[in-house]
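All remarks here apply to the structure that follows.
What you are looking at is a predicted structure, and each value in this text was computed from that prediction instead of being measured. As the structure lists them, so they are numbered: ligands from 1, and atoms in each ligand from 1.
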Amino acid sequence: MAFTCLADFQAFAKDNLPKPTWEFIEGGADECIIRDENISAYKKIRLHPHVLRDMSVVDTRTTIQGSEISFPVCIAPTGFHCLCWPDGEQSTAKAAEAMNICYVTSTFSTCFFEDIVASAPNGLRWFQLYVQRDRKITKELIQKAETLGYKALVLTVDTPAVGNRLQDNRNRFSLPASISTKSVHVPIEENAESLLPVSNIDPSISWKDIAWLKSITQMPIILKGILTREDAELAISHNVQGILVSNHGGRQLDTVPATIDALTEVVNAVQGRIEVYLDGGIRTGTDVLKALALGARCVFLGRPILWGLTYKGEEGVRQVLNLLKKEFYRSMVFTGCRSVSEISQDLVQFSR
Ligand code: FMN
């Protein structure tokens, strides 16, 4: 089968993963309204292209937190890559390194961080943190990541509890015995109703913990899961270096705004003081272009990476990223943008 778009990888993953695993990856919270709207919201935005601009040389590169990436698409943190491919996160890291983009490694990785880094020693990597109830373990995790060359700390702020994922509850989904998280203990056996590894995540984290994190790491801090102007302003006043507009792929609270709809509110509050990123529902090159036009510095992919991994490990993830890179390049050519800095807000119009 020829893979011509990201949806082709999705179809492959659906046909080839065990059904409960597929439903765990694909699932959203409650009625999955916002999981789907993250995707459909892009379809309501029309492009406003410019022609006759000499498109013979087009440069897709940009920077995030000062590091260059080959195009403005990186890998969002997702846990449990060994559900999709035997050496899971190690293959993902290799693909990110080969593509010269950033891989945000999840706290819930199923390979050791040391092995992930050894697989792709020169890759740009950020570390996603779920603050653990045991702050000593949390501190050790952060310091290990920093020692291993992780360049930023992505603090996930939308998970004081796990979303209500109906399919996982119906399937009584749990990790197969052969797969485990390697750096934090996931007491899946304690939670027979929703067998998701949430019980060690500290629900008490609050704004005051940002100062604590700053006291134990030099890494810039990026808050993942901000959706409102108020929280964006608080993020700035707590001196974080970036915001990732995210609703966790619709897996946490249903019926919040689609991320592309929340982006403008956050970008307007931030006023260029720190970088703003977005994840959720990015499936085509024009989605990337639209998010950048509305002020995102770069976007992150969640599920499509897992589809590529399921297809062919490192090679599959590279194919997903290459396809999206070509689509993004084409969208720049057609809208008259020779560089990422030329992607501006006048490129988009909202249809009714
Ligand atoms: N976000 C985290 O911050 N940490 C995680 O460990 C994590 N695990 C995830 C596991 C799966 C299977 C999925 C689908 C998402 C996970 N996320 C996690 C959320 C992603 O980082 C991201 O916000 C979301 O997948 C983006 O939406 P998309 O899948 O539509 O691209």
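- Annotation: Y329 is not in aromatic contact with F71 [ring centroid separation under 6.0 Å not met].
- Between I282 and ligand 1, not a single N/O pair is under 3.5 Å apart.
- Proximity of Q128 to ligand 1, defined as any heavy-atom pair under 4.0 Å, is confined to the side chain (atoms from C-beta onward).
- Geometrically, ligand 1 and G302 share a nitrogen or oxygen pair separated by less than 3.5 Å.
- Checking side-chain atoms of S67 against main-chain N and O of T63 turns up no donor-acceptor pair under 3.5 Å.
- Scanning both residues, M219 and L153, for their nearest heavy atoms gives CB-N, 4.0 Å.
- By heavy-atom distance, the residue among G27, G280, P77, G249 lying nearest atom 24 (C) of ligand 1 is G249.
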### Task
Take F173 and W22, measure what ring pair (Phe, Tyr, Trp, His ring centres under 6.0 Å) needs, and give me the verdict at the end.
CA-CA 11 Å; F173 181 74; W22 164 252; over 10 Å; no
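- Outside the 6.0 Å centre-distance limit, the rings of W307 and F3 are not counted as a close aromatic pair.
- At least one N/O-N/O distance between G281 and ligand 1 falls below 3.5 Å.
- Each of the following atoms of ligand 1 lies closer than 4.0 Å to a heavy atom of R283: 28 (P), 29 (O), 30 (O), 31 (O).
- Between S106 and ligand 1, a contact under 3.5 Å exists for at least one N or O pair.
- Taking the six-membered ring where the residue is Trp, Y130 and F108 present tilted rings, their angle falling between 30° and 60°.
- The distance criterion of under 3.5 Å between nitrogen or oxygen atoms is not met by T78 with respect to ligand 1.
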